[in-house]
Every structure is written in structure tokens, then in C-alpha cells.
Amino acid sequence: MPDLPPGSIIKAADTPPTVADTQSSTVTTTSTAYTTSGADCSVVWVAPTTGRVKIHAAARMVNSSATSGSLLAPETRLGGTVGAGTVVETPVDAIGASHYGNTFARSGVVHLLTGLTPGETYNTRLLMRSSVGTDTASFASRELIVEPAT
């Protein structure tokens, strides 16, 4: 919340609800660029008064190679249509989760997205990639949570 003096009335629009999506199906890719799965794990949400949200991303990941990685990261766009609208935050390794190896492991991250316009609608989806294009990255039990941050 912005700095409010004691006794201020907090309205519902100040803290919109946390939104979440889970996808249990396993999806795969050999792309080394972040790509969609065809079964997006995604949410549409409204920015809180603070203009900040916490984005939680997690999945069970495995790669066909013992030395290659499976990487998962959120992409956030302006507007209420998933995958459409101006990109606000691109999926990059620095804000995502990863697992290297050919045995399943659950990995997850949380990061803070700031500079949002309070009351504006946004959409976030999880994108994925493989570290090596000849190896298959697999993702199961994907989970995405976006919650208002103070």
C-alpha cells in the first residue's frame, strides 16, 4: 500500500484478490527461446494500489539429457487477454525457475514485479525453454500465483 496516514480507509480496490492457476498435464519443448506450451498456465489480474505484485512460479521439471536444463519463467502483459497486449515483463532466466538433469525435480521462485499502474488489468503466463535445442525439456504440475504486494 502507498504510505497512508493512520485511520485511512482501505478499499477493496487497494488489495485485489490473489489469483492462481495450476496445470497438471505434462508439456514439452526443444525450443531454446521461451515458448508457450499450448496449455498455458496463466492468470488475469488487477494491479493493486501499490503498483507491485509477487509472482510465484513453480513446476516439476526434467530434461532428456543429464547435462541440459529445463527453464520456466513468467511473461506479463498489459490487458485481460492472455498472451496479448504490450509486454510488461519478458521471461528471462533471472526471474524464472530451472532444473538441470534427467530426473524430475520440483523447482520454484518468487519475484517482485513493480512499476505497475494501479487498477490496470494485466495477464501473466508461464513460458518454458530447453537449454539445448536437441534435448527435450518437460514440465508437469505447473503452478502460477500472482498476489498483491505492499
Side-chain angles (χ1 to χ4, degrees), residues 1 12-150:
M1 304 276 281
D14 291 331
T15 55
T18 296
V19 294
D21 186 24
T22 57
Q23 297 289 325
S24 59
S25 61
T26 300
V27 293
T28 64
T29 188
T30 56
S31 174
T32 57
Y34 278 102
T35 186
T36 182
S37 67
D40 284 338
C41 186
S42 61
V43 293
V44 174
W45 48 276
V46 175
T49 303
T50 60
R52 301 158 39 115
V53 294
K54 285 191 259 182
I55 299 177
H56 306 254
R60 290 191 68 226
M61 297 180 257
V62 67
N63 199 287
S64 60
S65 168
T67 58
S68 294
S70 301
L71 299 98
L72 179 83
E75 173 191 68
T76 298
R77 293 175 177 254
L78 188 60
T81 303
V82 173
T86 303
V87 175
V88 174
E89 181 176 59
T90 58
V92 294
D93 297 349
I95 63 169
S98 63
H99 170 65
Y100 283 72
N102 58 2
T103 57
F104 264 111
R106 181 156 172 89
S107 298
V109 295
V110 178
H111 83 280
L112 185 66
L113 177 57
T114 63
L116 303 167
T117 303
E120 190 69 65
T121 301
Y122 294 87
N123 69 85
T124 300
R125 64 183 175 168
L126 294 179
L127 299 182
M128 62 199 151
R129 74 180 193 89
S130 179
S131 66
V132 177
T134 55
D135 298 329
T136 301
S138 298
F139 305 83
S141 303
R142 290 168 293 149
E143 184 174 20
L144 173 64
I145 302 169
V146 177
E147 68 174 310
T150 55

Pairwise distance [atom1]([X]) to [atom2]([Y]) - rounded to 0.5 angstrom:
| X | Y | atom1 | atom2 | result |
| --- | --- | --- | --- | --- |
| I55 | T76 | CD1 | OG1 | 4.0 Å |
| M61 | L71 | CE | CG | 7.5 Å |
| E89 | R77 | CD | CZ | 12.5 Å |
| E75 | T35 | CD | OG1 | 10.0 Å |
| S42 | D21 | OG | CG | 5.5 Å |

Donor-acceptor contact below 3.5 Å, side chain [X] vs main chain [Y]:
| X | Y | answer |
| --- | --- | --- |
| D135 | S64 | no |
| T124 | V43 | no |
| N123 | G80 | no |
| N63 | Y100 | no |

Under a 4.5 Å cut-off applied to non-hydrogen side-chain atoms, are [X] and [Y] in contact?
| X | Y | answer |
| --- | --- | --- |
| L127 | T36 | yes |
| T121 | V44 | yes |
| F139 | S70 | yes |
| I95 | P74 | yes |

Locate the shortest heavy-atom distance separating [X] from [Y]; write the atom from each residue and the value.
| X | Y | answer |
| --- | --- | --- |
| P118 | G51 | CG-N, 4.4 Å |
| G69 | A137 | O-CB, 4.3 Å |
| D40 | Q23 | O-NE2, 3.6 Å |
| A20 | I145 | CB-CG1, 3.9 Å |
| P91 | Y34 | O-CD1, 3.4 Å |
| A149 | P48 | N-CG, 4.4 Å |

Which atom pairs, one a donor and one an acceptor, fall under 3.5 Å between side chains of residues 102-110 and the rest of the protein, sequence neighbours left out?
| unit_1 | atom_1 | unit_2 | atom_2 | d |
| --- | --- | --- | --- | --- |
| R106 | NH1 | S141 | O | 3.0 |
| R106 | NH2 | E143 | OE1 | 2.8 |
| S107 | OG | S98 | O | 3.3 |

Among V146, V46, T117, which residue meets the side chain to side chain contact (heavy atoms under 4.5 Å, CB included) test with Y122?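 Of the listed options, the one satisfying the test is T117.
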Please name the residue in the list V27, T29, V62 that meets the side chain to side chain contact (heavy atoms under 4.5 Å, CB included) test with S138.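 For S138, the side chain to side chain contact (heavy atoms under 4.5 Å, CB included) test succeeds with only one of V27, T29, V62, which is V62.
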Test salt bridge (Lys or Arg N to Asp or Glu O under 4.0 Å) applied to R60 - qualifying residues, sequence neighbours left out: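 Per chain and number, R60 pairs via salt bridge (Lys or Arg N to Asp or Glu O under 4.0 Å) with no residue.
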Give the C-alpha distance, both sets of side-chain angles, the deciding distance and a yes or no for side chain to side chain contact (heavy atoms under 4.5 Å, CB included) between R142 and S37. CA-CA 11 Å; R142 290 168 293 149; S37 67; 3.2 Å; yes
Checking D93 against R129 for the salt bridge (Lys or Arg N to Asp or Glu O under 4.0 Å) test, could you report, in this order, the C-alpha distance in whole Å, the side-chain angles of both residues, the deciding distance, and whether it holds? CA-CA 10 Å; D93 297 349; R129 74 180 193 89; 2.8 Å; yes
Would T136 and T30 count as having a side-chain donor-acceptor pair, cut-off 3.5 Å?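 T30 and T136 do not have a side-chain donor-acceptor pair below 3.5 Å.
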